[in-house]
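The sequence lines fix the lettering, A, B, ..., with proteins before strands; numbering per chain opens at 1.
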Amino acid sequence: MGPVTQNSDLICIPGQRLCLSDENTIAGQGTYERQGYIYSTLAGTVHIRQQDNSKFIEVKCFGSPTIVPIAGDVVTARITQVNQRFAKCSITCIGDHILNRTYRGLLRKEDVRATEKDKVEMYKCFRPGDIILARVLPQTELSCYQLSTAENELGVVVALANESGPYGVPMVPISWTEMQCPDTLVKEPRKVAKIVPESALITRVE
Amino acid sequence: MGSDTGDDAYSDIHLRALNCEVNPLTRSDGSAMLTQGETAVIASVYGPVEVKTQNLQIENATLDVCYRPKTGLPTITDRSRENVIKRICETAILTALHPRTSIVVVIQELENRSGLEACAVNAVCLALLNGGIAMKFTVAGVHSILKENDEIVLDPDSKESINALAHFTFVFDSLQRNVVAVNTQGKFNMAQYNDALTICRAASGKIFEFYREIISKRPV
């Protein structure tokens, strides 16, 4: 078995022995450790990621990777149904990864805001069709993923005015709790997400 | 990256011609159409997808296998095949990676000219590889028969299978070529069974090589 180099284009299949496992060689994504060796779990190419003094052996799958929401992930979801106690939604993206199929999500009244939880009115926070950013909570509900928007950066990011119909112009946020239609100037209540521009996240090295 | 089990005991192994078309179905996450000689099977994988509440498992993915015969409704034999393939897949797939989800495997029989179970297992394995489902190991199904003169014939066609005393279908893993599943029919003694096992184990190496060949042809 030849050594796996840094820029290895080695193609492997599940169950293929990749290398010995020790304190400096660690099984990363797409691999598992068994009896002192690292084995592949996916059909794809082997990559080695250096971090400090450790080498992480990873296998990158061909095509789109299989991904499911886990606790702590920020997801993009579309509101499908709103009532007094919770809002139902369908999860369409996990981070920047677009899903082939949606997952059901549930946003409870208590998880909408971090403060004044008892004063939350669901219909003043979300409407069917709104696109929201939410964080996945550790699951207690079996049938669907529980979501939370109890952060400044989470909440409604895209919403259409009720009067404008399905082909309307997206509303513009004017405060933490209101959005306004740029055409009709109608204001509607929403739990607005603070959108951080991507350029603000890039730290320039002088 | 050599074989984990050393050199095969049988260098003169003759399997029927293996042909595979990768992803013939566009709407599935992974699919494969495999022909072994004149036996043909198409397998598709969907998932991980949302699971029905009654089938939900908190710590593992739920595996649903559906076997569809060439014509008519599934019989008891087809249900048995379905169950065997499901248990093989549960052994191979890392279900703990995707809890509260469902992985659906659909197998459509196209032509049965002997060795259908082995062909179905191999087609499912290729579909899982193409679907990007994480697995502990790959599996290879090999079919053989026992003839009247105590001869073991590897991967026979339908003509050779007519007068067979016994049929053996073995499924091996790619780690140490351990037996994952066995299906036998007919009369045989332990020595004949061991002979069939040894020959089929050696032949499984060719199928694992075929998997590697198919995967290496895929565009990255």
Between the main-chain N or O of Ser102(B) and the side-chain N or O of Thr62(B), is there a donor-acceptor pair closer than 3.5 Å?
-> no
For Thr41(A), does its backbone N or O pair with a side-chain atom of Tyr32(A) as donor and acceptor, under 3.5 Å?
->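 Checking the backbone N and O of Thr41(A) against the side chain of Tyr32(A), no donor-acceptor pair under 3.5 Å is found.
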Proximal component of Tyr103(A), with respect to chain B [non-hydrogen, under 4.5 Å] = both
Check each atom of Phe208(B) against the heavy atoms of chain A and say whether the ones under 4.5 Å are side chain, backbone, both or neither.
-> backbone
Considering residues at least two apart in sequence or located in another chain, which fulfil the ring-ring contact (aromatic ring centres under 6.0 Å, His included) criterion with Phe168(B)?
-> Phe188(B)
Considering residues at least two apart in sequence or located in another chain, which fulfil the ring-ring contact (aromatic ring centres under 6.0 Å, His included) criterion with Phe86(A)?
->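 For Phe86(A) there are no ring-ring contact (aromatic ring centres under 6.0 Å, His included) partners, ignoring immediate neighbours.
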For each of Thr138(B), Val49(B), Ile93(B), tally heavy-atom pairs with chain A at distances under 4.5 Å, and name the one with the top tally.
->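 It is Thr138(B).
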